[in-house]
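All chains are named by letter (A, B, ...) in the order of the sequence lines, taking the proteins before the strands, and each is independently numbered beginning at 1.
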Amino acid sequence: MSATEYNPAEVENIIQESWKKNNSYKATPSKAKEKFYCLSMFPYPSGKLHMGHVRNYTIGDVISRFKRMQGFNVFQPMGWDAFGLPAENAAIKNKVDPQSWTEQNIENMKSQLERLGFSYDWSKELKTCDPDYFRWEQEIFTLLHKQGLVYRKKSLVNWDPIDETVLANEQVIDGKGWRSGATVELKEIDQWFLKITDYADELLSSIENLDWPENVKSMQKNWIGKSFGSEIKFSLLDEEELTAFTTRIDTIYGVTYIAISPNHPLAQNLASESPEINEFIKKCNATKMAEADMAKAEKLGLKTSFKVKHPFLDANLDVWIANYVLMDYGTGVVMGVPAHDERDFEFAQKYNIEIKKVIECDELPSPKKGTLVNSHNFSGQESDEAIKNINNYLEKNGIGKSIENFRLRDWGVSRQRFWGCPIPVIYEDGEPVFLENKDLPVKLPKIKEGDAPKPLSQNKAFFDLGTGKTREVDTFDTFVDSSWYYARFTAADNNDKALDENSKYWLPVDLYIGGIEHAILHLLYSRFFHKAMRDVGLVEGDEPFKKLLTQGMVLKDGYKMSKSKGNTVDPQKFIDQYGADTIRLYMMFTSPPEQSLEWSDTAIEGSYRFLKRIWNLLSERKQFAEKQPDEFTKQELELRQKSHKTLKKVTHDYAERNSFNTAIASIMELLNAIPESFKANDATIAQKFCLDEVIQFTLKMLSPITPHISLYLWKEYSESNGNDFEDSWPIYDEEFLQLEDFQLIIQVNGKVRGKENVSVDTEQAEIEVLAKENENVKKIIANHPIKKVIYVKEKLINFVI
RNA sequence: GGGGAUGUGGUGGAACUGGUAGACACGCUUGGCUUAGAACCAAGUGCCGAAAGGUGUGGGGGUUCGACUCCCUCCAUCCCUACCA
């Protein structure tokens, strides 16, 4: 190697060409090796890669390369989550076909991924907008239908009355449609649903077996929200009844009103007779349907003329329509207990409703459990005991029962959009008929050049099949597309089947890497899909993703990068300036994967500088080929110890902790520890040997993160012609990890007062004497009796005075 | 409103099991090299203090010989909240 300057573009090009030529990352099932399916969440093809992608895919690639070095058969595919709103919006805005917009973005982003040197098996690339993908999705939908997991029901959407379209939550800004500015209304329309609630119990219980971060597990558990409560009937005075759900039946004597959701059938009926109620319900429905907005909305109520009997008391309760009661949770009817529920309290105060304390407490409202008061026979009982007793009473008297309830709702998969997978159903005289395989795929209609896409419902040529038959005009939620792609990857090039034998070899995904923002929806839907596909015989196993790594966001100046904030940083600029290895190194060095990463234009210089230092160290140096010398000096042994200790730490950081930042830091430390004389031309044989060990370890330890420069230097240095570090992770030697002496920390009352070097085999008694003789320590403990001595082996001694 | 996180120098972060707080970098300062700059190399760098020493991990309280780490409480910021992906 000549003393040239580090030229990342050149080095990376040479190495990437060799990978391409050798098909280095194509994976085939093999019994000879243990498999490792490493999957990073596929991107939405928005145009170009953003920093979040670079980070996500670098983490995945580092782990894949490390596993490959450790001898695993690694499968790392990549594809495109290609249906969705942005393409449709761009298409409407620019009057282009969403297909060509998407294809162009894919082409662009794919070349960026290749430029970054990710070791993907591109032979299994997939695009969800491709009929070769979504025809199988349509088939799975019909299988799920046969399994009884698909049904149709009316459900609320954000309706823009001017544009006459359904809006996504993000398209509703301050209650107005983003394009038309019209006040958005909630409107009820027919939609397709998947019965995810059939799996609620299993989705909850099998979380336990997952090697996932605890926070994600908690989020999923809370989202599913299993609770134990009671259903209780309140009879209306005209003989009908309202059934409320409550988890706090112990507060039954504190009920002072009943509240029903504006979307409860009773409220809807009343609306048709009373203009006042109709007006009120409209007012309630003028918020968008996002949970956060609903919850923050001011509490509104309207007293109806209905009254119900309190089942335990000789009292009549008013029935209110209240906007804080959700139709989707429980029964859409709430028993109002203002004394022991904060929302009910707020409502009762606003509308001057009686507040009745029935649980002993200091201050109202108090949602805590406790001893019952003012509750007739149940007074004096503790909440949990009372809940049992009251439930028994309800059941005995036929006025209610104890039940399990879930917060989780069924998954509405209908979307009234163009750029999505068509739902494979036709209607004959209004009745839905599911299409057979021979009629699949249902493709999207072509768009004429210069035309904007319009909803399928406005495309007669698409939906009108004649003789009273029409096609379904809704498309799938794009979460459907992404709920099973992990499985399709294993058979992405099979045109005869959705999944084949390969899926049995590769599944489940061993490690799934993606943003924490997907912790609930995408991951829960995928888990449901896997179980449903299992039950129709498509896949084996109970869970799709064995282990999960949730990466934090990439921030700039403390905020998430976004166009509206104007703080985006385009990774391409840095790839061009410093090369792929530097940006990969920076991404891994700057913070641990699970935390957010603060982008800095200047700090990346440091990563580049580090690679240049390695380049210069290796310049004109060849591997030292002589065999290991018999003797080493103390200085040489210290370096060897550092090499092996570093290797041990780095192995552990990669394999157990995914802690790449500390791995890199310790590699930097190792290089900083090389004595200058070892690098000189006149270094001794032993010195050259030790330096050689550092270099070998370093190039291999860095290669998952900076694969191009590592491999390039390795090939020059060792004069080898391998194209990958497959199976070559080095092994550290325990012999070098043994310490001869250690630094003893001497504390007095927990404060560090001195340090001494002590041989490892020194007894505690000897250490105590030695510690007391330390000049500084001696001064402090003089004239004080020592009350206690704490000794932590080979670490510290603490005198309590 | 609910759920989940995070908070350590000027900055990113380290401290893995309760045991030396600030590793490794960025930045900055000084010096070297250079006509000058860039690059590179060397030394220094939590805060107060001349030093001795004191002090310090969002605020307050607690447990402990010892707390960034465990407990209670408060504050701030971020993510998700079912039609953005």
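For the OP1/OP2 pair of rA14(B) and a distance below 4.0 Å, the side-chain nitrogens and oxygens of Asn661(A) include at least one atom meeting the criterion. Proximity of Arg609(A) to the phosphate of rC40(B): a side-chain N or O atom is located under 4.0 Å from OP1 or OP2. In this structure, Arg415(A) does not reach the rA85(B) phosphate: none of its side-chain N or O atoms is under 4.0 Å from OP1 or OP2. Look at Thr478(A) and you'll find a side-chain N or O under 4.0 angstrom from OP1 or OP2 of rA85(B). Between Lys755(A) and rU20(B), a side-chain N or O to OP1/OP2 separation shorter than 4.0 Å is absent. Between Asn222(A) and rU81(B), a side-chain N or O to OP1/OP2 separation shorter than 4.0 Å is absent.
Taking a pair to require two hydrogen-bonding distances under 3.5 Å in either a Watson-Crick or a G-U wobble arrangement, rU45(B) pairs with rG27(B). When Watson-Crick and G-U wobble pairs are counted only if both distances are under 3.5 Å, rA50(B) pairs with no nucleotide at all. The partner of rC68(B), taking Watson-Crick or G-U wobble pairs whose two distances both stay under 3.5 Å, does not exist in any strand shown. Using the Watson-Crick or G-U wobble rule with both distances under 3.5 Å, rA5(B) pairs with rU77(B).
Set against rC83(B), rC65(B), rA15(B), the side chain of Met289(A) has rC83(B) as its closest nucleotide. Listed nucleotides rG13(B), rU81(B), rC24(B) differ in distance to Leu521(A); the shortest reach to its side chain belongs to rU81(B). When distances are taken from the side chain of Asn169(A) to each of rG1(B), rG13(B), rC84(B), the shortest belongs to rC84(B). Distances from the side chain of Ile745(A) to the nucleotides rU81(B), rU20(B), rC16(B) place rU20(B) closest. Of the candidate nucleotides rA25(B), rC83(B), rC65(B), rA25(B) has the atom nearest to the side chain of Arg613(A). Taking the side chain of Val792(A) as heavy atoms from C-beta on, and the options rA82(B), rC80(B), rG19(B), the nearest nucleotide is rG19(B). Taking every side-chain heavy atom of Glu669(A) into account, rC24(B) is the closest of rC40(B), rC41(B), rC24(B). Checked against rC83(B), rG4(B), rG1(B), the side chain of Val157(A) finds its nearest nucleotide in rC83(B). Taking the side chain of Leu85(A) as heavy atoms from C-beta on, and the options rA82(B), rC83(B), rA85(B), the nearest nucleotide is rA85(B). Side chain of Phe589(A), nearest nucleotide from rA25(B), rC83(B), rG13(B): rA25(B).
By the 6.0 Å and 45° rule, Lys226(A) does not stack over the aromatic ring of Phe406(A). With a 6.0 Å cutoff to the six-membered ring centre and a 45° limit on the axis angle, Lys612(A) does not count as a cation-pi contact of Tyr6(A).
Distance, Leu300(A) CG to rG1(B) C1': 15 Å, rounded to whole Å. For Met219(A) and rC79(B), the CE to P distance is 13 Å, given to the nearest whole Å. Distance CZ (Arg343(A)) to P (rG1(B)): 12 Å, rounded to an integer number of Å. Atoms NZ (Lys751(A)) and P (rG66(B)) sit 11 Å apart, rounded to a whole Å. Leu326(A) has its CG atom 15 Å from the P atom of rG1(B), to the nearest Å. In this structure, CE of Met587(A) is placed 24 Å from P of rC24(B), rounded to the nearest angstrom. For the pair Lys221(A) NZ and rC80(B) P, the interatomic distance rounds to 22 Å; values are reported in whole Å. For the pair Leu408(A) CG and rC80(B) P, the interatomic distance rounds to 19 Å; values are reported in whole Å.
Taking 90° from 0 as the syn/anti boundary, the base of rG9(B) is oriented syn.
Among the protein residues, Trp411(A) comes within range of no part of the nucleic acid, since none of its heavy atoms lies under 4.0 Å from any strand.
A salt bridge links Arg407(A) with Glu291(A); the closest basic N to acidic carboxylate O contact falls under 4.0 Å. Between Lys154(A) and Glu188(A) there is no salt bridge, since no side-chain nitrogen of the basic residue lies less than 4.0 Å from a carboxylate oxygen of the acidic one. Between Arg152(A) and Glu472(A), at least one side-chain nitrogen of the basic residue sits less than 4.0 Å from a carboxylate oxygen of the acidic one, meeting the salt-bridge criterion. Contact check on Glu346(A) versus Arg343(A) returns no salt bridge, with no Lys/Arg side-chain nitrogen under 4.0 Å from an Asp/Glu carboxylate oxygen.
The base of rU20(B) sits within donor-acceptor range of the side chain of Gln743(A), with an N or O pair under 3.5 Å. Residue Glu291(A) places no side-chain atom within donor-acceptor reach of the base of rC80(B), judged by atom type and a 3.5 Å distance cut-off alone. Judged by distance alone with a 3.5 Å cut-off, no donor-acceptor contact links the side chain of Gln171(A) to the base of rC84(B).
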Test log, rule side-chain contact (heavy atoms from CB on, under 4.5 Å), inputs Met701(A) and Leu670(A): CA-CA 11 Å; Met701(A) 288 189 294; Leu670(A) 173 61; 4.2 Å; yes
